[in-house]
Peer 1: 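The structure that follows is given in the form of structure tokens.
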Amino acid sequence: MFERFTTAARDAVTGAVAEARRAGAATVTEEHLLLALLAQGALDPLGVDRAAVAAGLARARRRGGMSRADEEALAGLGIDLTRILSRVEETHGEGALAAAAPRRRTLGTSLRSALGRPEPAGRHVPFAPGSKRVLERSLRIAVGRGDRHIGAPHLLLALLSRPGTVSEVLADHGITYEAAESACQPVSLPDPASARRPMTGRDGLSP
């Protein structure tokens, strides 16, 4: 599948891994993919305020990644998520639920910790099931549109197609699947099956 990714899409994937490492996360999540697309400027043509979207993601993280649908479902069971959040933060400090999930400790990790050595900058961070599905979905979207390559816009569409905090935050800033799809331009690059040189074309969204 990755041989069909454009340079911009590949940069977004590697950028997501870098975001996860920077956050000390155990896995690469959908949020990291969106942050990478934001940093890349892939959403700029849609008039997105990068800082505002990042702040929206931070607020969602503070709720432990709970979406509004999750909050409504809990409310239907008589559970007030806001009240629980307040109590947790009273005890453990603000942003307690936003902390990255702890990574599984390996022998190498334990030895580095005991010796006071930092984690290697290039440590492997696996993709979470949700973010894997986003990558798979981007391929289906490209095929469904008749596009021969998978670009950053396809990754954005894949993120918007999935329920959860990422699509909710984007919708709060006026970015819906329909809006992104209408701005998505076909990617014109050499056929990866016949091209042997690295892809250098970049793709994006129309103004």
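Just so we're clear, the structure is a prediction, and the values are computed from it rather than from any experiment.
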Peer 1: Could you walk me through whether V166 and V134 pass the side chain to side chain contact (heavy atoms under 4.5 Å, CB included) check?
Peer 2: CA-CA 12 Å; V166 167; V134 167; over 6 Å; no
Peer 1: Rounded to the nearest 0.5 Å, how far apart are CZ of R145 and CD1 of I150?
Peer 2: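 Answer for the CZ-CD1 pair, R145 versus I150, is 12.5 Å.
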Peer 1: Just so I know, are the side chains of L34 and L155 near enough to count as touching, which here means a heavy-atom distance under 4.5 Å?
Peer 2: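 A side-chain contact under 4.5 Å is absent here.
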Peer 1: Tell me, do L139 and L135 make a side-chain contact under 4.5 Å, heavy atoms counted?
Peer 2: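 L139 vs L135: side chains apart.
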Peer 1: Roughly how far apart are D11 CG and F5 CZ, rounded to 0.5 Å?
Peer 2: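 Interatomic distance, D11 CG to F5 CZ, rounded to 0.5 Å: 12.0 Å.
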Peer 1: Distance from R133 atom CZ to S161 atom OG, nearest 0.5 Å?
Peer 2: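 If we round to the nearest 0.5 Å, R133:CZ and S161:OG are 11.0 Å apart.
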Peer 1: What I'd like to find out is whether the side chain of T29 reaches to under 4.5 Å of the side chain of H32, using heavy atoms alone.
Peer 2: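 T29 reaches H32 side chain to side chain.
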Peer 1: To the nearest 0.5 angstrom, please state how far the CD1 atom of I141 sits from the NE2 atom of H154.
Peer 2: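 Spacing of CD1 (I141) from NE2 (H154) equals 7.5 Å.
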Peer 1: Can you name the closest pair of heavy atoms from L160 and T176 and give their distance?
Peer 2: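 Between these two residues, the closest heavy atoms are CD1-O, 3.6 Å.
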Peer 1: How many angstroms lie between CG in L156 and OH in Y177, if you round to the nearest 0.5 Å?
Peer 2: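 So the gap between those two atoms works out to 9.5 Å.
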Peer 1: How long is the span from the CD atom in E3 to the NE2 atom in H149, to the nearest 0.5 Å?
Peer 2: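 Rounded to the nearest 0.5 Å, the CD-NE2 separation comes to 10.5 Å.
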Peer 1: Show me the donor-acceptor pairs within less than 3.5 Å that the side chains of residues 47-57 make with the rest of the protein, sequence neighbours left out.
Peer 2:
| unit_1 | atom_1 | unit_2 | atom_2 | d |
| --- | --- | --- | --- | --- |
| D49 | OD1 | A51 | N | 3.1 |
| D49 | OD1 | A52 | N | 3.1 |
| R50 | NE | L38 | O | 3.3 |
| R50 | NE | D44 | OD1 | 3.0 |
| R50 | NE | D44 | OD2 | 3.4 |
| R50 | NH1 | L38 | O | 3.4 |
| R50 | NH1 | A39 | O | 3.4 |
| R50 | NH2 | D44 | OD2 | 2.5 |

Peer 1: Closest heavy-atom contact between A36 and A16?
Peer 2: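 Smallest heavy-atom distance, with atoms named: CB-N, 3.4 Å.
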Peer 1: Would you say F127 and V13 make side-chain contact, with heavy atoms under 4.5 Å?
Peer 2: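 Of all side-chain heavy-atom pairs linking V13 with F127, at least one is under 4.5 Å.
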Peer 1: Are the charged groups of R22 and E19 less than 4.0 angstrom apart, N to O?
Peer 2: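 A salt bridge is present here (some side-chain N lies under 4.0 Å from a carboxylate O).
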Peer 1: Is there a donor-acceptor pair under 3.5 Å between the side chain of R137 and the backbone N or O of A158?
Peer 2: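 Here the side-chain-to-backbone pair does not exist.
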Peer 1: I'd like to know whether T27 forms a side chain to side chain contact (heavy atoms under 4.5 Å, CB included) with K132, so could you lay out the CA-CA distance, the side-chain angles of the two residues, the decisive distance to 0.1 Å, and finally the verdict.
Peer 2: CA-CA 11 Å; T27 58; K132 286 182 181 178; over 6 Å; no
Peer 1: Shortest non-hydrogen contact from A9 to A152?
Peer 2: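 Distance-wise, the nearest heavy atoms are CB-N, 4.0 Å.
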Peer 1: So which atom in L46 and which in A179 form the shortest heavy-atom distance, rounded to 0.1 Å?
Peer 2: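 Smallest heavy-atom distance, with atoms named: CD2-O, 4.1 Å.
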Peer 1: Looking at L157 and A180, what are the two nearest heavy atoms and their distance?
Peer 2: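 Answer, listing the atom of L157 first, then A180: CD2-CB, 3.7 Å.
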Peer 1: By the salt bridge (charged side-chain N to carboxylate O under 4.0 Å, His left out) test, which pairs, at least two apart or in different chains, include something from residues 30-41?
Peer 2: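 Counting only pairs at least two positions apart or across chains, the salt bridge (charged side-chain N to carboxylate O under 4.0 Å, His left out) contacts touching residues 30-41 are E30-R162, E31-R61.
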